[in-house]
Every structure is written in structure tokens, then in C-alpha cells.
Amino acid sequence: MMTKRIRRNFFTRPTLKVAKELLGKFIVRKYKGKKIIGKIVETEAYIGPEDRASHGYQMKKTERNRAEYLIGGHIYIYLVYGMYYQLNISTEKEGLPRCVLIRALEPIVNNKLKFFKINDKVIKINQIANGPGKLCRYLKLDKSFYGEDLVKSKRIWLEDWAIKIKKAEIVASKRIGIDYAGKYWANKKWRFYIDGNPSVSKQ
DNA sequence: GTACAGATTGAG
DNA sequence: TCAATCTGTACT
């Protein structure tokens with residue numbers, strides 16, 4: 001199988017295109033000498049400064065969201081609800097607050113492993129990273145990844161395994177949890193996922 | 001300084 | 001249905 005690391009020119013294209021094409025790509029995280037790998041199956045696009053749901057709405061800049069303005073391919077990670085990290089990848093050119101939120105991964109593990117144990121609870125393997133907070137836990141990500149460059153980093157990067165996702169397999173729907181942005185923006189179908197994939201988040 | 005809501009999750 | 005728990009932002 002041909003695999004290659006995704007380079008800068010993938011991320012600097014229009015955000016909606018990047019959000020769709022990230023489906024079927026792989027996140028590789030090097031952790032304690034091992035690789036943790038997940039296939040991206042669900043994303044959301046946030047397109048500031050126009051997008052009211054974007055943290056960079058009207059070019060708003062704070063200490064927390066400055067990574068969203070970096071040139072495409074950088075990690076914008078932050079804490080929500082005091083407990084969960086959200087993994088975003090910046091897109092397009094430097095100075096534009098645009099990014100793609102990674103919402104769910106299909107874990108790639110040895111073929112026989114179908115279940116997993118967390119705190120004595122048996123969980124299906126495809127439910128380990130089926131949500132934006134859960135996938136950060138799966139990949140062992142924290143604030144130290146803030147601003148990390150996926151094109152150059154030695155501990156996390158993206159790979160293209162030349163897997164084609166057909167257009168018919170991509171579902172577009174409303175983004176989750178952003179009703180505060182008002183009907184117009186909340187109704188934009190900027191959430192994308194692979195139809196029928198068992199690791200897509202609920203709702 | 002204080003109040004409050006948020007791109008969520010898992011337990012009851 | 002609700003609590004857990006932190007931070008930016010908008011108020012006083």
C-alpha cells in the first residue's frame with residue numbers, strides 16, 4: 001500500500017475542500033515509541049471571519065484562538081466544558097481564522113481486537129474515538145500540541161493511504177452544538193462524515 | 001472582580 | 001436529565 005505524509009499544499013486549499021478530503025485520511029501519533037493510528041471519518045468546517053460559529057468570527061483574536069490564524073496544517077487545540085479537548089487543523093493562508101474540526105476517528109488496531117477496556121468497562125473498539133473529545137483522549141493529545149505543525153512534527157502527522165472515498169459516501173449535515181450562531185450559520189451543512197461508518201459520532 | 005456559557009461526555 | 005470543571009468574554 002502506498003502511504004505518504006500529507007504536505008502543506010493539502011491544507012492551504014479552501015476549507016470546505018480540505019474538510020471533505022480529510023475523510024479517509026489517517027492521523028498518526030507517535031507515543032512512547034508506538035504509533036497510534038486513526039482514520040478520519042467525521043469533520044466540520046469553521047470558516048471565519050464571516051462564520052458566526054467560528055472562534056475567529058469578525059477576526060476576533062484571543063490568546064486561546066490565535067492558532068486558528070496560522071497557515072494551513074497547524075493544530076488548534078483547546079479545552080471545552082473544562083474537560084474535553086477539541087482537535088482542529090488550521091487551513092488556508094496565514095491570517096485567516098479558518099479550520100477543520102476533527103470529530104471522529106476509526107481506530108486502526110490489530111485486526112483481532114474488537115473490544116477495549118476502560119475502567120473495567122468493555123467498550124467496542126469503534127467507540128473509542130467516536131467524538132471530538134474522545135479522539136483526543138485516544139491520541140493522547142493535550143495543550144502541548146497547541147500550534148504544532150502537522151507538516152513537520154515528529155510526534156503527529158497525517159498520511160494519505162490512497163484510499164478513495166466516493167462522493168456518494170460523503171454525507172453533509174448541520175454542525176453540532178453551535179445553535180448560538182443563529183439559524184443562518186447553524187443550518188450550513190458544513191459537517192461531513194462517511195456514510196454508514198460505525199465510528200461516526202451520535203446525533 | 002464576578003458571572004456565565006460553551007464546537008462534550010458518560011452515568012443515572 | 002444532569003453534573004463535571006476550565007477559560008475567555010462581558011459585564012459590574
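Given the structure is predicted, the values throughout are model-derived calculations rather than measurements. Below, chains carry the letters A, B, ... as their sequence lines are ordered, and counting in each starts from 1.
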Notebook entry, point to check: What is the nucleic acid contact for Leu101(A), judged by heavy atoms within less than 4.0 Å: base, sugar-phosphate only, or nothing?
Noted result: base
Checklist line | pair Asp51(A)-Arg175(A): side-chain heavy atoms closer than 4.5 Å | finding: yes
Notebook entry, point to check: Can you list the steps and then say if Tyr193(A) with Ser173(A) is a side chain to side chain contact (heavy atoms under 4.5 Å, CB included)?
Noted result: CA-CA 8 Å; Tyr193(A) 59 91; Ser173(A) 66; 3.8 Å; yes
Next item on the list: Indicate, with a heavy-atom threshold strictly under 4.0 Å, whether Arg64(A) touches base, sugar-phosphate, or nothing.
Entry: sugar-phosphate
Note to self: For Lys143(A) and Tyr81(A), find the nucleotide of DNA chain C closest to each by heavy atoms; which residue's nucleotide sits nearer the 5' end?
What the structure shows: Tyr81(A)
Note to self: Without decimals, in angstroms, what is the distance between Tyr57(A) OH and dT9(C) C1'?
What the structure shows: 16 Å
Notebook entry, point to check: Hey, which of Tyr69(A), Tyr78(A), Tyr46(A) is the one that makes ring-ring contact (aromatic ring centres under 6.0 Å, His included) with His55(A)?
Noted result: Tyr78(A)
Next item on the list: Assign each of Ile178(A) and Gln127(A) to its nearest nucleotide of DNA chain B by heavy atoms, then name whichever residue's nucleotide is nearer the 5' end.
Entry: Ile178(A)
Next item on the list: Starting at atom OH of Tyr85(A), determine the distance to atom C1' of dT8(B), rounded to an integer number of angstrom.
Entry: 14 Å
Check: Between dC6(C), dT8(B), dG10(B), which nucleotide has the shortest distance from any of its atoms to the side chain of Arg103(A)?
Finding: dT8(B)
Checklist line | Residue whose closest nucleotide on DNA chain C lies nearer the 5' end, His55(A) versus Met83(A) | finding: Met83(A)
Notebook entry, point to check: In whole angstroms, how far is the P atom of dT8(B) from the CG atom of Leu135(A)?
Noted result: 12 Å
Notebook entry, point to check: According to a 3.5 Å limit on both distances, what stems of 3 or more consecutive Watson-Crick or G-U pairs are formed with DNA chain C?
Noted result: B:1-6 with C:6-11, B:8-11 with C:1-4
Notebook entry, point to check: When the distance from CD1 of Ile176(A) to C1' of dT9(B) is rounded to whole Å, what number comes out?
Noted result: 14 Å
Check: So does Arg66(A) get a side-chain nitrogen or oxygen closer than 4.0 Å to the phosphate oxygens (OP1/OP2) of dG8(C)?
Finding: no
Next item on the list: May I ask you to establish whether Arg155(A) and Phe145(A) are in a cation-pi arrangement, using a distance under 6.0 Å from NZ or CZ to the six-membered ring centre and at most 45° from the ring axis?
Entry: yes
Check: Is there a side-chain contact between Ile165(A) and Ile170(A) (heavy atoms, below 4.5 Å)?
Finding: yes
Note to self: Once you apply a heavy-atom cut-off of 4.0 Å, does Asn88(A) come out as touching a base, just sugar-phosphate, or nothing?
What the structure shows: base
Next item on the list: Give the rounded distance in Å between these two atoms: CZ of Arg137(A) and C1' of dA4(C).
Entry: 14 Å
Note to self: So Lys174(A), base contact, sugar-phosphate only, or nothing? Heavy-atom distance under 4.0 Å.
What the structure shows: nothing
Next item on the list: Find the distance Glu42(A):CD to dT8(B):P and express it as a whole number of Å.
Entry: 10 Å
Checklist line | Lys60(A) vs dG8(C): side-chain N/O to OP1/OP2 distance below 4.0 Å | finding: no
Margin query: Nearest to the side chain of Thr62(A), heavy atoms from C-beta on, is which of dG8(C), dT8(B), dG10(B)?
Written below: dG8(C)
Checklist line | Gap between atom CD of Glu92(A) and atom CZ of Arg13(A) - 0.5 Å precision | finding: 10.5 Å
Next item on the list: Could you say whether the aromatic ring of Tyr84(A) and the base of dT8(B) stack, counting only centre distances under 5.5 Å and plane angles under 30°?
Entry: no
Checklist line | Between P of dT9(B) and CD1 of Ile128(A), the distance in whole Å | finding: 14 Å
Next item on the list: Examine Arg8(A) relative to Phe11(A) and say whether NZ or CZ is less than 6.0 Å from the centre of the six-membered ring and inside a 45° cone about the ring axis.
Entry: no
Check: How many Å lie between OH on Tyr76(A) and C1' on dT7(C), as a whole number?
Finding: 11 Å
Checklist line | Nearest-0.5 Å distance that lies between atom CG in Leu139(A) and atom CD1 in Ile77(A) | finding: 9.0 Å
